[in-house]
Amino acid sequence: MVDVEAAGLCHSDLHIMAGVELGAGLSVSTPLTLGHEGAGVISAVGAGVEDFAVGDRVGVALVVHPVGEMGFAPGVVCDGAFAERQLVRASALVRIPDGVSFAEAAVATDSVATAYHAVRAAGAVQAGERVAIIGLGGLGLNAVHVTVLLGADAYGVDISPAARTAAKEAGALSCWPDPGALNALAPDVIVDFVGGTATTTAAVEAVRPGGRVVLVGLSEETAPVPIASFVTRNVQLTGSLGASKDELRQVYDLIASDAFRPTVAEVDFHELPVAMDRLARGEVQGRLYTRPRARRGPLSIRAA
């Protein structure tokens, strides 16, 4: 049992509320407590749990199997972190090191770790490569940070001027509102955190011959792609889902060492519906989080 001290808000929460099929064997059924980015303090352990004890500070990892299926997905297939307490599998827990706040630890479980995996593992980004990030929200902004840490040149695409400014502050060399601008750049790697027909098609057409396109976003359930460009330009298209526990540990170590800090902003628990609306309108830079145990008023319930 984890007493939840921080829980992040994610676009995937919007998809779940809207009934969008997430794929990867994820069957969402209601009623469901949302919140797949959680961190807190263990308040009780079950029989046979030996690696963790009451009082440990932990993040709840989204455990992903090598084949890409979720092994444990709180807030998706079971109740998540938008609650004062959360029952989780001990196998999904990762200790939070000193110097990492609960807010940072919570958003790192998805917003940072997913970006880290997409850039470093799925994209196989190397120092000196040109990497374009499409969609500079919570995950995209963290992907810019990771790209810079790996010694690669980061570029960004987002329709929001504020998001483009934030990406430049994070180390992006240039940013544009239209993915078509990437054609002249011909990046070695493009990571698409939007995941729609327009962005994925643009990425396939813009990446250099033999380049790599990593698809993370879920804006559309299906999208046509230019097959001729894949074949004649030898483009690699890779899907990327979540991260491993080891990658989350690596992310926590990066944050603890001050290599970078995720951009977070708190919203009160009873303001979650308003915050979700802001997220849907693209008005959020970085990552929003809430503290269920410190809520200051009643939660306004609305139908999906």
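Formation of a donor-acceptor pair under 3.5 Å by the Lys168 side chain with backbone atoms of Gly156 is not found in this model. Asp192 contributes a side-chain N or O that, together with a main-chain N or O of Gly195, makes up a donor-acceptor pair within less than 3.5 Å. Thr200 places no side-chain N or O within 3.5 Å of a backbone atom of Thr197 that could act as its donor or acceptor partner. With hydrogens and angles disregarded, no donor-acceptor distance shorter than 3.5 Å links the side chain of Asp56 to the backbone of Val58. When atom types are taken as modelled, the side chain of Thr201 and the backbone of Ala198 share no donor-acceptor pair closer than 3.5 angstrom. The backbone N or O of Ala108 lies less than 3.5 Å from no partner atom in the side chain of Ser111, so there is not a single donor-acceptor pair. Between the side chain of Asn142 and the backbone N or O of Gly138 there is at least one donor-acceptor pair closer than 3.5 Å.
Here the closest non-hydrogen pair linking Leu32 and Val76 is CD2-O, 3.7 Å. Closest heavy-atom contact between Leu185 and Arg130: O-NE, 3.3 Å. Closest approach of Ala81 to Gly38, counting heavy atoms only: CB-CA, 3.8 Å. Of all heavy-atom pairs spanning Ala243 and Ala113, the tightest one is CB-O, 3.4 Å. Contact detail for Ala170 and Val148: the closest heavy-atom pair is O-CG2, 3.9 Å. Listed here is the closest heavy atom pair of Val94 and Ala61: CG2-CB, 4.3 Å.
To the nearest 0.5 Å, atom NE2 of residue His36 and atom CG of residue Asp79 are 14.5 Å apart. With values rounded to the nearest 0.5 angstrom, His15 atom NE2 is found 5.5 Å from Leu218 atom CG. In this structure, Leu215 CG and Leu241 CG are separated by 11.0 Å, a value rounded to the nearest 0.5 Å. Atom CG of Asp158 is separated from atom CG of Leu141 by 10.0 Å, given to the nearest 0.5 angstrom. Here the CD-OG distance, from Glu84 to Ser43, works out to 11.5 Å after rounding to the nearest 0.5 Å. Atoms CZ and OG, on Phe52 and Ser91 in that order, are 9.0 Å from each other to the nearest 0.5 Å.
Transitive grouping of hydrophobic side chains (ILVMFWY, heavy atoms separated by less than 4.5 Å) keeps Val4 and Val60 in distinct clusters. Both Val112 and Tyr252 are assigned to one and the same hydrophobic cluster, defined by single-linkage of ILVMFWY side chains at heavy-atom distances under 4.5 Å. Under the 4.5 Å side-chain contact rule for hydrophobic residues, Ile159 and Leu182 do not share a cluster. Residues Leu237 and Val207 are members of one and the same hydrophobic cluster, defined by side-chain heavy-atom contacts under 4.5 angstrom among Ile, Leu, Val, Met, Phe, Trp and Tyr. Leu149 and Leu248 fall within a single hydrophobic cluster, where Ile, Leu, Val, Met, Phe, Trp and Tyr side chains are chained together by heavy-atom contacts under 4.5 Å.
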(message) Please evaluate residues Ile133 and Val157 with respect to the criterion side chain to side chain contact (heavy atoms under 4.5 Å, CB included), reporting the C-alpha separation (whole Å), side-chain torsions for both, the decisive distance (0.1 Å), and the verdict.
(response) CA-CA 6 Å; Ile133 309 298; Val157 175; over 6 Å; no

(message) Run Val88 and Leu93 through side chain to side chain contact (heavy atoms under 4.5 Å, CB included) and show every step you take.
(response) CA-CA 8 Å; Val88 304; Leu93 298 179; 3.5 Å; yes

(request) Apply the test side chain to side chain contact (heavy atoms under 4.5 Å, CB included) to residues Cys175 and Leu136: give CA-CA distance (whole Å), side-chain angles for both, the deciding distance (0.1 Å), then the verdict. (result) CA-CA 10 Å; Cys175 294; Leu136 299 170; 4.2 Å; yes

(request) Tell me, with the steps shown, if Arg261 and Ile255 meet side chain to side chain contact (heavy atoms under 4.5 Å, CB included). (result) CA-CA 6 Å; Arg261 294 279 177 176; Ile255 296 172; 3.5 Å; yes

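Under the 4.0 Å criterion applied to side-chain N and carboxylate O atoms, Asp188 and Arg212 are not assigned as salt-bridge partners. Remark: Arg85 engages Asp3 in a salt bridge, criterion side-chain N to carboxylate O under 4.0 Å. With respect to the salt-bridge test (charged N to carboxylate O, under 4.0 angstrom), the residues Glu5 and Arg293 qualify.
Side-chain contact check for Leu288 versus Arg278: some heavy-atom pair is nearer than 4.5 Å. Looking at heavy atoms from C-beta onward, Pro209 lies out of side-chain contact with Asn234 at the 4.5 angstrom threshold. Considering only heavy atoms from C-beta on, Pro177 comes within 4.5 Å of Arg164 through its side chain. For the pair Val131/Asp153, no side-chain contact is recorded, criterion being any heavy-atom separation below 4.5 Å from C-beta on. In this structure the side chain of Val2 never reaches within 4.5 angstrom of the side chain of Val41, judged on heavy atoms. Side-chain contact between Phe230 and Val204: present, with at least one pair of heavy atoms (C-beta onward) separated by less than 4.5 Å. Side chains of His145 and Pro262 form no contact here, defined as non-hydrogen atoms less than 4.5 Å apart. Side-chain atoms of His117 and Ser244, non-hydrogen and from C-beta on, never get closer than 4.5 Å to each other.
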Ignoring hydrogens and angles, write down the donor-acceptor pairs under 3.5 Å from the side chains of residues 120-127, residues two or more places apart or on other chains.
unit_1, atom_1, unit_2, atom_2, d
Arg120, NE, Tyr116, OH, 3.4
Gln126, NE2, Ala124, O, 3.3

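Hydrophobic cluster of Ile227: the remaining members, joined at side-chain heavy-atom separations below 4.5 Å, are Val231, listed by chain and number.
Taking Glu205 as the reference, nothing meets the salt bridge (charged side-chain N to carboxylate O under 4.0 Å, His left out) condition, with sequence neighbours excluded.
Checked by atom type, the side-chain pair Thr290/Glu266 shows no donor-acceptor distance below 3.5 Å.
Counted within 6.0 Å of CG on Leu173, heavy atoms from surrounding residues, nucleotides or ligands total more than 12; the atom is thus considered enclosed. Enclosure of atom CG in Asp51 is not indicated, since only 12 or fewer non-hydrogen atoms of other residues, nucleotides or ligands lie within 6.0 angstrom.
Relative to the ring axis of Phe102, Arg57 places its NZ or CZ within 45° and under 6.0 Å from the centre.
In this structure, Trp176 and Tyr155 have parallel ring planes: the angle between them is below the 30° cut-off, well short of the 60° mark.
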